[in-house]
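Just the heavy atoms: all of them, side chains too, but no hydrogens, waters or symmetry mates, feed the values below.
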Amino acid sequence: MSSNTADPKPATSGFRIPVPFWAQVLLGLVVGLVLGFVARTYDVSWLATALDKVGGIFVQLLKLAVAPLVFFAIMVSITNLRKVNNAARLAGRTLLWFMITSLIAVAIGLTVGLVSNPGSGSALTPADGAKPEHAGSWLDFLTGIIPTDVITPFTELKVLQIVFMAVVAGIAILKTGPKAQPVLTLSESILQLLQKALWWVILLAPIGSAGLIGRAIVQYGWNLLGDYATFTADIYIGCALVLFGVYPLLLFTVGKLNPLQFFKGAWPAIQLAFVSRSSVGTMPVTQQSAIRLGVPKDYASFAVPFGATTKMDGCAAIYPAISAIFVAQIFDVQLGIKEYLLIAFVSVIGSAATAGLTGATVMLTLTLSTLGLPMEGVGLLLAIDPILDMMRTATNVAGQALVPVLVSAREEILDRTKYDNASASPADPMESVYDEPQPAAPVSA
């Protein structure tokens, strides 16, 4: 594709925003830091309230689309596999690379934690912790997949149950055949409407980022980083090693691709993920980035939504590994080889528990309960979580774009011309991830 550096344009006028979108987001971050500092230092209550409301509304708008977006994206992606040659092979390879990259990420997280000992230099004590209201367990995880009704998962945002229903619905459509065509056509239209509406929310990212960063500074201040300095550095270093070390190495050795081109094409998604802290909210941008990088649309429409709800190298691999070591050191619990292997197991199998939402508390409680560590350790990490979640989510989303690119390159279906010409220009809100106009392919039994 051509290297188009034009900025997003409103559809109703010829007005053009002169500042690139990435610069708008960066400016929002800087403004948020300044306003948060002013509100906290000089106790400007109205400014603190304004930052809290702006950031909260932005996250609320993103979450508003999560339930229907996940359902229709997963359902349509299942049906789209019928258009792809060797669909079963591609799905299997996608899952395999999800697991491989998760194992690498958790190994790096464990290594970073064991080398730095994040809890040894902290002034925190077990008394600073508090048990969470709800702790994850394997029984809850397994029984929680199947919903008790079709309404509650959407009203209470139980994403794993929504994914389950979407997969069942998608398979049912395929098995029903032509009679299900009207349902599929309607579902694809609804999905495009949801993605279009979400684009409008995405364009608010510069304002939302200012509110979110400002709110974090007002609530926690700079002193918060003191007790968590090593732990925070570990999370960022671990994520950076995966994001800028492992991923480029896999692209170069496995995919025979130029890593710089990947980051050019995936940058809009990585950038938005850092600000929004939501893999699902970023999903349309991630999917568009994968397509820009040469991944076939039909395959991308399966792999990216599936990855947005199950593949979490930052939240489900690096974070729980380092967190488990941190909590164990605070509570003076010795971890051995068996516990480290359990962490790796939980990271690969239990990553779907994070479900692409902001925060990784469920995954953390699942890890701690599996290891037999005190649940009070979760309370130690809640205060610092928003600062960590930005880097974690950026790593998640980069991995969700990476695997489809790798699999496509290995299966020789990647459009290398598109890949080599991918640009770092912002995602165009008027550019659909689907061909338009294009009627849905008939469903075959």
Could you name each residue pair satisfying salt bridge (charged side-chain N to carboxylate O under 4.0 Å, His left out) that touches residues 242-262, not counting sequence neighbours? none
Quick one, [X] and [Y] - any side-chain contact, counting heavy atoms below 4.5 Å?
X	Y	answer
Gln24	Leu27	no
Thr101	Val246	no
Leu381	Tyr319	yes
Leu69	Leu191	yes
Phe302	Ile78	yes
Trp97	Leu250	yes
Thr393	Ser279	yes
Leu61	Trp200	no

Interatomic spacing from [atom1] in [X] to [atom2] in [Y] - rounded to 0.5 Å:
X	Y	atom1	atom2	value
Glu188	Met75	CD	CE	8.5 Å
Tyr299	Leu414	OH	CG	10.5 Å
Leu257	Asp420	CG	CG	8.0 Å
Asn258	Arg416	CG	CZ	11.0 Å
Leu193	Phe72	CG	CZ	10.0 Å
Arg40	Arg215	CZ	CZ	14.5 Å

For [X] and [Y], work out which heavy atoms get closest and say how close.
X	Y	answer
Val405	Ala401	CG2-O, 3.3 Å
Leu293	Gln261	CD2-O, 3.5 Å
Arg392	Cys315	NE-SG, 3.6 Å
Asp234	Pro118	OD2-CB, 3.4 Å
Ala48	Ala39	N-CB, 3.9 Å
Gly294	Lys418	CA-CB, 3.8 Å

Using the ring-ring contact (aromatic ring centres under 6.0 Å, His included) criterion, which residues pair with Phe244? Sequence neighbours excluded. Phe263
For Ile171 and Val167, what are the C-alpha separation, side-chain angles and deciding distance, and is it a side chain to side chain contact (heavy atoms under 4.5 Å, CB included)? CA-CA 6 Å; Ile171 295 174; Val167 170; 3.9 Å; yes
Check whether Asp313 reaches the backbone of Asn396 with its side chain - one donor and one acceptor, N or O, closer than 3.5 Å. no
Under the criterion side chain to side chain contact (heavy atoms under 4.5 Å, CB included), which of Leu114, Thr230, Ile235 is the partner of Ile322? Ile235
Specify whether Phe306 and Phe98 have parallel, tilted or perpendicular ring planes, treating 30° as the upper limit for parallel and 60° as the lower limit for perpendicular. parallel
Would you sort out whether Val295 and Val304 count as a side chain to side chain contact (heavy atoms under 4.5 Å, CB included), showing the intermediate values? CA-CA 10 Å; Val295 177; Val304 173; over 6 Å; no
Could you give me the CA-CA distance, side-chain angles and deciding distance for Ser289 and Val285, then say whether side chain to side chain contact (heavy atoms under 4.5 Å, CB included) is met? CA-CA 6 Å; Ser289 296; Val285 185; 4.2 Å; yes
Report, one line per pair, each donor and acceptor closer than 3.5 Å where one atom sits in a side chain of residues 201-213; sequence neighbours left out.
residue: Ser209; atom: OG; partner: Ala205; partner atom: O; Å: 3.0
residue: Ser209; atom: OG; partner: Pro206; partner atom: O; Å: 2.8

